[in-house]
Amino acid sequence: MKTAAKDDAAKPVTITLPDGKTLSFARPVTGLAVAEKIGPGLAKAALAVKMDGELIDLMREIKKDSTVAIVTRKDPDALELIRHDAAHVMAEAVQELFPGTQVTIGPSIENGFYYDFAREQPFTTEDFEKIEKKMREIIARNEPFTREVWNRNEAIRHFKEIGEDYKAEIISDLPETEEISVYRQGKWYDLCRGPHLPSTGHVGSAFKLMKVAGAYWRGSSDNAMLTRIYATAWRDQKELDAYLRMLEEAEKRDHRKLGREMDLFHLQEEAQGSVFWHDKGFRIWKVMEKYIRAAQEKFGYIEVKTPQLMHSKFWEASGHWSKYRENMFVVPDVVPNTEEGAKLFKEEPKEFLALKPMNCPGHIQIFKQGIKSYRDLPIRMAEFGCCHRNEAHGALHGLMRVRQMTQDDAHIFCREDQILDETTRFIDMFVQTYKDYGFEDVSLKIATRPALRAGTDATWDKAEKALINAVESLQRAYTLAPGDGAFYGPKLEFHVRDAIGRSWQCATLQVDFVLPERLDATYIGEDGQKHFPVMLHRAVYGSFERFLGMLIEAYAGKFPLWLAPVQTVVATITNDADDYAQEVVSDLKKAGIRAELDIRNEKINYKIREHSLAKTPEIWVVGKREAEERTVAIRRLGGVSDANTNVDKQEILALDAAINKIITESAPPA
RNA sequence: GCUGUUGUAGCUCAGUCGGUAGAGCAUCGCAUUCGUAAUGCGAGGGUCGGAGGUUCGAAUCCUCUCAACAGCACCA
């Protein structure tokens, strides 16, 4: 079971506990022994240990002096163990129920775990009940997880023999130095690095299979598609229930659902991935546009507009034709037949135009007009460019992933020594903007050179280094995403999470030493010679579509006053107040407020309910009394009596005061 | 694009064993003029995603196809 090493067996091991206390043990010593020494209660509750920050089995020998913390069920680390073990239990259940199914990998993930199986017939959700039942049986057996170390070649041979080709492949690809460990639970065993709980019983009962999905072996679409079962697992039923409830809540904030309910936009089959913006949705768009245009002016940008359709020769020069064509919409430059039943084109098209997938090459054309001096740099050229990208069907997702998008795009043409300043400047703009919109949880990624790319390795070295230096000088945490860069340069990506925790790239900054050279854009340097500028591609929102989608989810449709498509509805109690209400709305509109009038012959209760469900931030109620006194009764969304602020459900203000107040409160953040 | 699931009224959803489609909300009409989250009564509204097939008969069974959803791959 254990292959205890015979090295220095006589030397005692010193264990430092989290509170700083040290204990000395004669070898061999396990985590369990440490726990026992501390107390029998802890020994009973112990699931694993954290040795110098690394989780290991309770029964593994601790061979060297180290800091050891005992992990119990209360520990957040327990979750990872429970999930990983649940994956093993699920794999056993599946193999017991569906002989011939091969196991591959089954890691724990955020909120749960999954396991990828290879099987002719993919599983369906109808199999879930059976699998869950079998899992509960295995958990009830409470079989200990035991670790074995196998000989590498024997392990490969063995897994091949029993028909587990994927496992054999995993082992052959492990580095020679890696110990091949196998964990056993009763009769079943799996190649696994560990660690595990003491026994299957510790998995508990707070788990649930969630969904099946296809997943490529080793994440490559060239490989076979496996069938993946996703599940969630928690320490107890309460946690599981809370998680499931959270998912239900998240569903209610889904921007696709809210978009329909709030009449913001719609999508339809004939224009897959392109958005029909309704009046109310486009109002938010216009506020966003106004905001970012003001910011661009403040940060020294100029704004341009470039063509939508350009000849393929243009895209050949830019490199898009060879590196990006599969994502482009290509249009034959031929007049089509109009005769009924005739071929669409009289002749085979020879010339092609393409809808722009990016704005950069167009901006370079503007840069190239006339001669630029080093004194002109940096030039920050912005465009609300509408781009088309032929995204795979399966990739489309509401507003988050569309085929027609409008970017708040800009290209900064600068000298190499200006990269750092410009990056800093951009991040300032980004920080201010995201703060104003209320996005706090933004993560940074640096995406490096992809396999399919333009430019030399030396150029890439330079670009990647420039970006990393800039970010590091800002002292912001980031993660590396190797191979995820654009074909012309590395990217700095800013990711925001949607309602159910999916992360989407919004803002981006890309360093590009390639395109200006390809398209022969130059400036005259101090030395009187031609030089290629560096080009920084950057967007703050990313795309209006995605950013607006994120906003809807972040606010659950309850937009702050400055963004709300309808800022206030003036609702009457009886017809007696109709004239006054009309006057109020007219004054509000004159003041630039997005106000609506509700003089329908309905009860005030009905109106309040309807406009509250529509998430209108303010309802101005006017009855006979208000009309006579020239006041309004303001009811704010979600407004309830609040002892702290003394803000009641409503506030009665003189009309002038009320209008001044809403003007102030609905001003966009400066 | 790949794997799986789903598709019935504007929206949310029923529809049993194959016998020819139903509810709530919304809409429209009439009545009601009401003080902070649903006034009452009545009416209209569907090629059951599309095409083909099996059958005396298909929303229901079969084949193909389209789209949406979840995940994978790909990417703002």
Side-chain angles (χ1 to χ4, degrees), chain A residues 114 116 119 121-127 210-230 254 256-257 260-261 263 266-270 272 324 326-327 357-358 387 389-403 405-409 447 450 484 486 491 493-496 500 502 504-508 510 537-547 549-550 571-578 599-614 619-626 633-635 637-639 648-650:
Chain A
Y114 68 78
D116 286 346
R119 184 177 178 233
Q121 168 125 33
F123 298 105
T124 75
T125 41
E126 279 160 34
D127 300 321
M210 302 295 282
K211 50 201 175 193
V212 279
Y216 296 109
W217 167 237
R218 302 214 142 157
S220 166
S221 51
D222 298 331
N223 294 337
M225 178 151 281
L226 308 170
T227 151
R228 174 175 297 179
I229 299 180
Y230 279 95
D254 188 312
R256 293 164 299 187
K257 185 177 157 71
R260 186 170 52 238
E261 286 172 3
D263 194 19
H266 86 269
L267 296 155
Q268 65 185 53
E269 288 193 22
E270 297 85 349
Q272 284 170 48
Y324 204 75
E326 61 173 19
N327 285 305
M358 298 181 190
C387 295
R389 295 183 187 174
N390 197 350
E391 303 287 356
H393 285 81
L396 300 176
H397 183 91
L399 295 179
M400 304 304 191
R401 192 77 182 272
V402 292
R403 283 182 168 166
M405 60 167 164
T406 303
Q407 297 175 307
D408 64 321
D409 200 9
D484 280 353
K491 298 198 290 190
E493 302 178 355
F494 298 78
H495 290 255
V496 185
I500 60 166
R502 286 180 291 213
W504 299 91
Q505 180 190 320
C506 290
T508 179
Q510 305 165 13
H537 306 238
R538 43 105 291 165
V540 178
Y541 294 154
S543 78
F544 278 74
E545 285 82 359
R546 180 176 290 180
F547 196 80
M550 300 301 292
T572 51
I573 293 170
T574 66
N575 296 149
D576 296 338
D578 285 3
I599 54 172
R600 290 174 303 171
N601 178 14
E602 294 288 352
K603 285 179 144 180
I604 193 64
N605 283 314
Y606 182 88
K607 295 184 186 182
I608 296 279
R609 179 181 152 83
E610 197 175 276
H611 301 303
S612 298
L613 288 174
I619 301 169
W620 288 18
V621 177
V622 297
K624 208 170 166 184
R625 204 158 61 218
E626 285 76 11
I634 301 171
R635 184 195 162 104
L637 184 60
D648 205 341
K649 255 187 179 172
Q650 63 173 350

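What you see below is based on every heavy atom in this structure, not just the backbone, and it leaves out hydrogens, waters and symmetry mates. Naming: A, B, ... by sequence-line order, numbering from 1 per chain.
In RNA chain B, runs of at least 3 consecutive Watson-Crick or G-U pairs, each pair with both distances below 3.5 Å, span B:1-7 with B:66-72, B:10-13 with B:22-25, B:27-31 with B:39-43, B:49-53 with B:61-65.
With both ends at atom C1', the span from C2(B) to A59(B) equals 30 Å, rounded to whole Å. Rounded to a whole angstrom, the distance from the C1' atom of G7(B) to that of C48(B) is 10 Å. Taking atom C1' in both C61(B) and G18(B), the straight-line distance is 8 Å, to the nearest Å. With P as the reference atom, G15(B) and A23(B) are 15 Å apart, rounded to whole Å. For the C1' atom pair drawn from A9(B) and U47(B), the interatomic distance equals 13 Å after rounding to whole Å. As rounded to the nearest Å, C28(B) and C66(B) have P atoms that lie 39 Å from one another. As rounded to the nearest Å, G42(B) and G49(B) have C1' atoms that lie 33 Å from one another.
Residue side chain E126(A) does not reach the base of G4(B) through any donor-acceptor N/O pair under 3.5 Å, judged by distance alone. Applying the 3.5 Å distance criterion, the base of U33(B) shares a donor-acceptor pair with the side chain of N575(A).
When only modelled atom types and interatomic distance are considered, Y216(A) and R218(A) share no side-chain donor-acceptor pair under 3.5 Å. The closest side-chain donor-acceptor pair between T508(A) and Q510(A) falls under 3.5 angstrom.
Position along RNA chain B of the nearest nucleotide to T124(A) versus Q268(A) favours T124(A) as the more 5'-ward residue. Comparing G398(A) and C506(A) by the nucleotide of RNA chain B that holds the closest heavy atom to each, the one mapping nearer the 5' end is G398(A).
In this structure, the nucleotide among C11(B), U36(B), A76(B) sitting nearest to the side chain of R260(A) is C11(B). Looking at the side chain of Q407(A), the nearest of the listed nucleotides A76(B), U12(B), A68(B) is A76(B). Among C75(B), A70(B), U3(B), the nucleotide with an atom closest to any side-chain atom of P122(A) is U3(B). Out of A37(B), U39(B), A76(B), the shortest distance to the side chain of L613(A) is found at A37(B).
Nucleic acid contact for K624(A): base, since at least one base atom lies under 4.0 Å from a heavy atom of the residue.
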Anything under 3.5 Å between a protein N or O and an N or O of nucleotides 24-27 of chain B, put it in a table, one pair a line.
from: A26(B); atom 1: OP1; to: Y606(A); atom 2: OH; distance (Å): 3.4

Can you name the atoms? Protein N/O to nucleotides 71-74 of chain B N/O, anything below 3.5 Å, with the distance.
from: G71(B); atom 1: OP1; to: R502(A); atom 2: NH1; distance (Å): 3.2
from: G71(B); atom 1: OP2; to: R502(A); atom 2: NH1; distance (Å): 2.6
from: G71(B); atom 1: O3'; to: Y230(A); atom 2: OH; distance (Å): 3.1
from: G71(B); atom 1: O2'; to: Y230(A); atom 2: OH; distance (Å): 3.2
from: G71(B); atom 1: N2; to: G214(A); atom 2: O; distance (Å): 3.2
from: C72(B); atom 1: O4'; to: G214(A); atom 2: O; distance (Å): 3.2
from: C72(B); atom 1: O2'; to: Y216(A); atom 2: N; distance (Å): 3.0
from: C72(B); atom 1: N4; to: G394(A); atom 2: O; distance (Å): 3.4
from: A73(B); atom 1: O2'; to: S221(A); atom 2: OG; distance (Å): 3.2
from: C74(B); atom 1: O2; to: R401(A); atom 2: NH2; distance (Å): 2.6
from: C74(B); atom 1: N3; to: R401(A); atom 2: NH1; distance (Å): 2.9

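Look at CD on E626(A): it is 12 Å from P on G35(B), rounded to the nearest Å. Taking atom CD1 of I608(A) as the reference point, atom P of C34(B) lies 17 Å away to the nearest angstrom.
Of the charged side-chain nitrogens involved, at least one lies within less than 4.0 Å of a carboxylate oxygen, so that E610(A) and R600(A) count as a salt-bridged pair. Ion pair E493(A)/K491(A) flagged as a salt bridge, since at least one NZ, NE, NH1 or NH2 atom sits closer than 4.0 Å to an Asp/Glu carboxylate oxygen.
For the ring-ring contact (aromatic ring centres under 6.0 Å, His included) test with F547(A), the passing option among W504(A), F494(A), Y541(A) is Y541(A); the others fail.
For R256(A) and C69(B), the shortest distance from a side-chain N or O to OP1 or OP2 is below 4.0 Å.
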